[in-house]
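See below for the structure under consideration.
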Number of protein chains: 2
Amino acid sequence: MKNETFSGTQAAKVVAISYRQLDYWARTDLVRPSGTDATGSGSRREYTYRDLLELKVIKNLLDAGIKLESIRDVFAYMREHVDTDISSAHLVISGSSVVLCNGEELIDVLRHGQGVLNILPMSGVRDEIDRHIIEMRPEPIVLQGERETPGSKAV
Amino acid sequence: MKNETFSGTQAAKVVAISYRQLDYWARTDLVRPSGTDATGSGSRREYTYRDLLELKVIKNLLDAGIKLESIRDVFAYMREHVDTDISSAHLVISGSSVVLCNGEELIDVLRHGQGVLNILPMSGVRDEIDRHIIEMRPEPIVLQGERETPGSKAV
DNA sequence: GCTGGAAACTACGCGGGTGTAAGACGCTAC
DNA sequence: GTAGCGTCTTACACCCGCGTAGTTTCCAGC
């Protein structure tokens with residue numbers, strides 16, 4: 001599963017965004033495909049599973065009413081400060097700083113927080129993506145002793 | 001303090017927004033002055049203290065990265081569903097629903113929340129406004145046994 | 001080589017939100 | 001009545017984000 005990639009169109013579909021949004025976000029450096037970037041008309045972008053997680057986070061934040069401009073700031077911060085896997089328990093955004101918290105830490109943050117907090121539980125993000133990847137795939141062909149992995153280039 | 005009102009320019013200053021923003025929000029029905037609305041060029045809007053609280057909430061949410069469009073939805077919802085004073089403990093926005101929570105309720109919401117939450121502690125909002133009202137006033141004249149209230153029309 | 005499909009690219013338009021500046025108006029003091 | 005001040009109104013511009021549609025390019029199959 002680690003090396004599988006998704007085309008731009010597939011990624012947009014899995015994450016439930018328009019291709020236009022995906023393209024715009026890639027062109028404006030919010031999330032560029034970390035597999036292969038576009039090199040011109042007719043070329044192919046290759047998004048990794050991790051890219052999909054990021055895209056889904058963005059989608060969820062947008063749906064929650066957060067401005068894309070703010071999401072850019074959040075991602076910039078995370079790229080500099082947050083090393084761990086973004087699928088940890090809760091993503092907590094306070095101003096332009098971001099932390100990843102488990103349940104107890106989250107309660108602390110709440111007790112001491114002063115401004116507006118944006119809290120995104122990450123637990124469902126991976127599940128959502130996996131579900132859409134499965135939906136996207138044709139009926140799987142049962143191979144001898146091996147199942148095809150989602151997003152395989154054979155799609 | 002209940003009947004004091006503020007002009008549009010004063011309100012914008014107290015809340016730390018541009019007059020353009022205030023005007024746009026009034027014209028597009030986000031927060032119209034509940035004292036006196038504008039009736040044409042040269043007329044005077046009169047914002048109440050409660051209007052100022054609402055304006056400040058909007059400002060804080062904008063600063064936290066929430067889209068104005070979403071804030072509109074939030075306010076529409078609150079006007080329909082939330083009767084209590086908006087200066088209660090925490091304003092919790094989940095999708096387009098809004099609840100007001102004290103500390104323990106907030107922890108419950110967190111434990112059971114599924115999507116992105118936006119949480120605005122209201123405790124500082126009133127303080128912030130009061131501070132700016134005081135800053136706006138000229139040096140108070142000590143009257144016999146009575147201090148002038150903030151925002152008095154005599155300003 | 002040709003065709004068809006997929007995908008990136010380009011262009012234009014629209015709505016939302018806001019900055020800037022000038023004009024119009026109301027009110028008060030002289 | 002006039003001047004000055006404060007305030008609302010109007011106009012224009014700009015940026016952002018994204019929808020729509022056409023163009024260009026790549027690739028696989030025949």
Side-chain angles (χ1 to χ4, degrees), chain A residues 5-47 51 55 58-76 136 138 151 153-155, chain B residues 5-33 35-47 51 55 58-59 61-76 136-138 151-155:
Chain A
T5 60
F6 304 84
S7 68
T9 313
Q10 286 171 334
K13 189 168 177 184
V14 167
V15 177
I17 57 176
S18 68
Y19 180 82
R20 183 75 183 88
Q21 284 179 300
L22 181 91
D23 192 41
Y24 179 71
W25 298 349
R27 289 171 182 285
T28 52
D29 297 321
L30 178 54
V31 174
R32 304 194 79 105
S34 53
T36 305
D37 205 354
T39 55
S41 191
S43 66
R44 306 287 156 128
R45 291 184 175 112
E46 291 182 312
Y47 286 89
D51 295 334
L55 292 170
I58 294 169
K59 173 64 152 67
N60 286 351
L61 292 174
L62 280 178
D63 286 347
I66 315 293
K67 300 178 209 171
L68 192 65
E69 176 194 348
S70 297
I71 295 169
R72 291 186 189 281
D73 296 338
V74 166
F75 268 66
M136 183 180 69
K153 287 203 191 170
V155 172
Chain B
T5 60
F6 304 85
S7 69
T9 314
Q10 286 172 333
K13 189 170 176 181
V14 167
V15 178
I17 57 175
S18 69
Y19 181 81
R20 183 76 184 86
Q21 285 179 298
L22 180 92
D23 191 42
Y24 180 72
W25 300 347
R27 288 172 183 286
T28 52
D29 297 320
L30 180 54
V31 175
R32 305 196 78 103
T36 306
D37 205 352
T39 57
S41 193
S43 65
R44 304 287 155 132
R45 289 183 176 116
E46 291 183 311
Y47 287 89
D51 295 334
L55 292 170
I58 294 168
K59 174 64 155 68
L61 291 173
L62 281 178
D63 286 347
I66 315 291
K67 299 178 206 173
L68 193 67
E69 178 194 350
S70 297
I71 295 170
R72 290 185 188 282
D73 296 338
V74 166
F75 268 66
M136 185 180 70
R137 305 218 50 239
S152 162
K153 287 206 192 167
V155 175

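As a basis for the values below, the full set of heavy atoms in this structure was taken, side chains included, without hydrogen atoms, waters or symmetry mates. Sequence lines set the chain letters: A, B, ... in the order given, protein chains first and strands last, and positions in each chain run from 1. What you see is a predicted model, and the numbers here were worked out from it, not measured in a lab.
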Positional range of nucleotides in DNA chain D within the contact set of chain B, heavy-atom, under 4.0 Å: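 With heavy atoms of chain B under 4.0 Å away, the range is D:dG6 to D:dA11.
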
May I have the step-by-step check of side chain to side chain contact (heavy atoms under 4.5 Å, CB included) for B:R45 and B:D37, ending in yes or no? CA-CA 5 Å; B:R45 289 183 176 116; B:D37 205 352; 4.1 Å; yes

Short side-chain to backbone donor-acceptor contact, A:D51 and A:S34, under 3.5 Å: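 Here the side-chain-to-backbone pair exists.
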
Checking all strands, does A:S18 fall into the base, sugar-phosphate, or nothing category for heavy-atom contacts under 4.0 angstrom?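 Result for A:S18 = sugar-phosphate.
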
Looking at residues at least two apart in the chain, or sitting in another chain, which of them share a side-chain contact (heavy atoms from CB on, under 4.5 Å) with B:S41?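 None.
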
For B:T9, enumerate each residue passing the side-chain contact (heavy atoms from CB on, under 4.5 Å) test, keeping only those at least two apart in sequence or located in another chain.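 With neighbours one apart ignored, the set is B:S7, B:Y19.
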
Annotated protein contacts, base or backbone, on nucleotides 9-16 of chain C with a non-hydrogen cut-off under 4.0 Å, one of B, S, - each: BBB----S

Grab the CG-C1' distance between A:L22 and C:dA6 for me, whole Å please.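 In whole Å, C:dA6 C1' lies 15 Å from A:L22 CG.
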
Please report the distance, rounded to the nearest Å, between NZ in B:K67 and P in C:dT18.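 Distance, rounded to whole Å: 14 Å.
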
Test side chain to side chain donor-acceptor pair (under 3.5 Å) applied to A:K59 - qualifying residues, sequence neighbours left out: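 Side chain to side chain donor-acceptor pair (under 3.5 Å) check on A:K59 returns A:D63.
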
Where each residue is assigned the nucleotide of DNA chain D containing its nearest heavy atom, which of B:G8 and A:R44 is assigned the position nearer the 5′ end?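 Here B:G8 is the residue nearer the 5' end.
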
Is the shortest heavy-atom distance from the side chain of B:L62 to the side chain of B:Q21 under 4.5 Å?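 Heavy-atom side-chain distance check passes, below 4.5 Å.
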
So B:Y47 and B:V14, do their side chains get closer than 4.5 Å, heavy atoms only?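 When only atoms from C-beta onward are counted, B:Y47 and B:V14 do not touch, as no gap falls below 4.5 Å.
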
Side-chain polar contacts of residues 68-76 of chain A - donor-acceptor pairs under 3.5 angstrom, sequence neighbours left out - could you list them?
from	atom 1	to	atom 2	distance (Å)
A:R72	NH1	A:T28	O	3.1
A:R72	NH1	A:T28	OG1	3.4
A:R72	NH2	A:T28	OG1	2.9

